[in-house]
Amino acid sequence: MSSIQVHSMFESFSSSYYFGRLYVTPSEGDEPVMQREQHERVAEQLYHDGSGVTRVDSPLVMKLDTAHLAVRGEDGVPADTLAVPQSLLEQTDISNPPALTEVFLAKADRASQLLQFTGYGEADPSDPSDEFDVGPNAGT
């Protein structure tokens, strides 16, 4: 069992996920984002293996409703908030956002599996056509 202490907004849920609650709000952006500082803290705690440099720019994989989302950090997002593109939010059961919503954060091994399964990171990350599959039931 891992000794990772994830940011206080998440608690251990299962062998594959942490559980937390974030305010989910629609965004006009192209990808799900959260506050950069919180993203970096969670990424550092989640992916740090005790050796070398920890990449804090890797996406966090969160499960919202039935969709797995590759979440990046961005300036200007309020704390404890997950900003989701309107088109993706419409595919969930979330009504009247912003709403405090249950979110599952994939643990390092599970996140790696999901990202590899979808081919994330194998192509040019600056090319929007190579994004993580964020549709409903992705990776389920």
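Hydrogens, waters and symmetry mates play no part in the numbers below; they use all other heavy atoms, side chains included.
Sorted by first then second residue, the ring pair (Phe, Tyr, Trp, His ring centres under 6.0 Å) pairs that include residues 75-99, not counting sequence neighbours, number zero. Under the ring pair (Phe, Tyr, Trp, His ring centres under 6.0 Å) criterion, the residue pairs touching residues 78-114 are Phe13-Phe104, Phe19-Phe104, with sequence neighbours excluded. Sequence neighbours left out, not one pair with a member in residues 70-99 passes ring pair (Phe, Tyr, Trp, His ring centres under 6.0 Å). For the salt bridge (Lys or Arg N to Asp or Glu O under 4.0 Å) condition, the pairs that include at least one residue of residues 95-106, sequence neighbours left out, are Arg21-Glu102.
Using a 4.5 Å heavy-atom threshold, the side chains of Asp65 and Ile94 count as separate. At a threshold of 4.5 Å between non-hydrogen side-chain atoms, the residues Asp109 and Gln113 do not count as touching.
Take Glu74 and apply the side chain to side chain donor-acceptor pair (under 3.5 Å) test, not counting sequence neighbours, and it matches no residue. A search for side chain to side chain donor-acceptor pair (under 3.5 Å) contacts involving Arg36 returns Asp75, not counting sequence neighbours. Among residues two or more places apart in sequence or in another chain, the side-chain contact (heavy atoms from CB on, under 4.5 Å) test is passed with Ser27 by Ala83, Pro85. Here Asn96 pairs with nothing under the side chain to side chain donor-acceptor pair (under 3.5 Å) rule; sequence neighbours left out. When the side-chain contact (heavy atoms from CB on, under 4.5 Å) test is applied to Pro26, the partners found at least two apart in sequence or on another chain are Gln86, Leu89, Pro97. Under the ring-ring contact (aromatic ring centres under 6.0 Å, His included) criterion, Tyr23 pairs with no residue, sequence neighbours left out. Under the rule for a side chain to side chain donor-acceptor pair (under 3.5 Å), the partners of Glu37 that lie at least two apart in sequence or sit in another chain are Arg41.
Taking hydrophobic clusters as Ile, Leu, Val, Met, Phe, Trp and Tyr residues chained together by side-chain heavy-atom distances below 4.5 Å, Val103 does not share a cluster with Val77.
Remark: side-chain polar atoms of Lys107 are paired, donor with acceptor, to backbone N or O of Ser14 under 3.5 angstrom. The backbone N or O of Val33 lies less than 3.5 Å from no partner atom in the side chain of His39, so there is not a single donor-acceptor pair. Side-chain atoms of Thr81 come within 3.5 Å of backbone atoms of Ala79 as a donor-acceptor pair (strictly under, hydrogens ignored).
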Between Leu22 and Phe10, does a side chain to side chain contact (heavy atoms under 4.5 Å, CB included) hold up when you go through it step by step?
CA-CA 9 Å; Leu22 296 173; Phe10 291 100; 4.2 Å; yes
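Rounding to the nearest 0.5 Å places CG of Leu69 at 11.5 Å from CG of Leu105. Note that CG of Leu82 and CD of Gln38 are 11.0 Å apart. Values are rounded to the nearest 0.5 Å. Rounding to the nearest 0.5 Å gives a distance of 12.0 Å between CE of Met62 and OG1 of Thr101.
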